Amino acid sequence: MIIFHFFLTLLEISFIEMNKQERTVIHLELNGQHHYFGSIKALCDNFGKEEIGITYKSLANYGITPEKPFTNKYCIIRKGTLITAPKAE
């Protein structure tokens, strides 16, 4: 009985994880304006080194995390999570 209950609990956790909708968001703060992107690549496709002061490759190698944003004299680039409602079945 305990094993069966444990199995059901694992199924419930798996179902919750499958329905959780989280997306990575890259937030660029530049000249007092805020821009949001789905990836570092998307950000760098729209803003060049001249505007943000860093190339795509260098930014990808920097390893932005929610706890470690990228900051320079031009901008601040943060990484976050966008949480959405679960998909309708």
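Since the model is a prediction, treat every value here as computed from it, not as a measurement.
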| query | Would you say S39 and T24 make side-chain contact, with heavy atoms under 4.5 Å? | reply | no
| query | Taking the side chain from E51 and the backbone from G48, do they hold a donor-acceptor pair closer than 3.5 Å? | reply | yes
| query | Are K79 and T65 side-chain neighbours, meaning at least one heavy-atom pair lies under 4.5 Å? | reply | no
| query | Do the side chains of T71 and I77 get nearer than 4.5 Å, heavy atoms only? | reply | no
| remark: Interatomic distance, CD1@I64 vs CD@E67, rounded to 0.5 Å, equals 12.5 Å
| message | Rounded at 0.5 Å granularity, tell me how far OG1 in T81 sits from CZ in R23. | response | 11.5 Å
| remark: By side-chain hydrogen bond (donor to acceptor under 3.5 Å, both in side chains), N46 pairs with (sequence neighbours left out) none
| message | Same cluster or not: I52 versus I76, using hydrophobic residues (I, L, V, M, F, W, Y) connected whenever any side-chain heavy atoms lie under 4.5 Å apart? | response | no
| task | Evaluate whether atom NZ of K68 has more than 12 neighbouring non-hydrogen atoms of other residues, nucleotides or ligands under 6.0 angstrom away. | result | yes
| task | Check the pair T55 / C44 against side chain to side chain contact (heavy atoms under 4.5 Å, CB included), numbers first and verdict last. | result | CA-CA 7 Å; T55 64; C44 292; over 6 Å; no
| What's in the same ILVMFWY side-chain cluster as Y36, cut-off under 4.5 Å, chained through other members? | V25, L82
| said: Tell me every residue that passes side-chain contact (heavy atoms from CB on, under 4.5 Å) with N72, counting only those two or more places apart in sequence or in another chain. | reply: F70, Y74, C75
| remark: Separation between CD1 (I40) and CG (D45), nearest 0.5 Å, reads 12.0 Å
| said: Between F47 and H35, is the ring-ring contact (aromatic ring centres under 6.0 Å, His included) condition met? List the steps. | reply: CA-CA 10 Å; F47 291 92; H35 307 273; 5.0 Å; yes
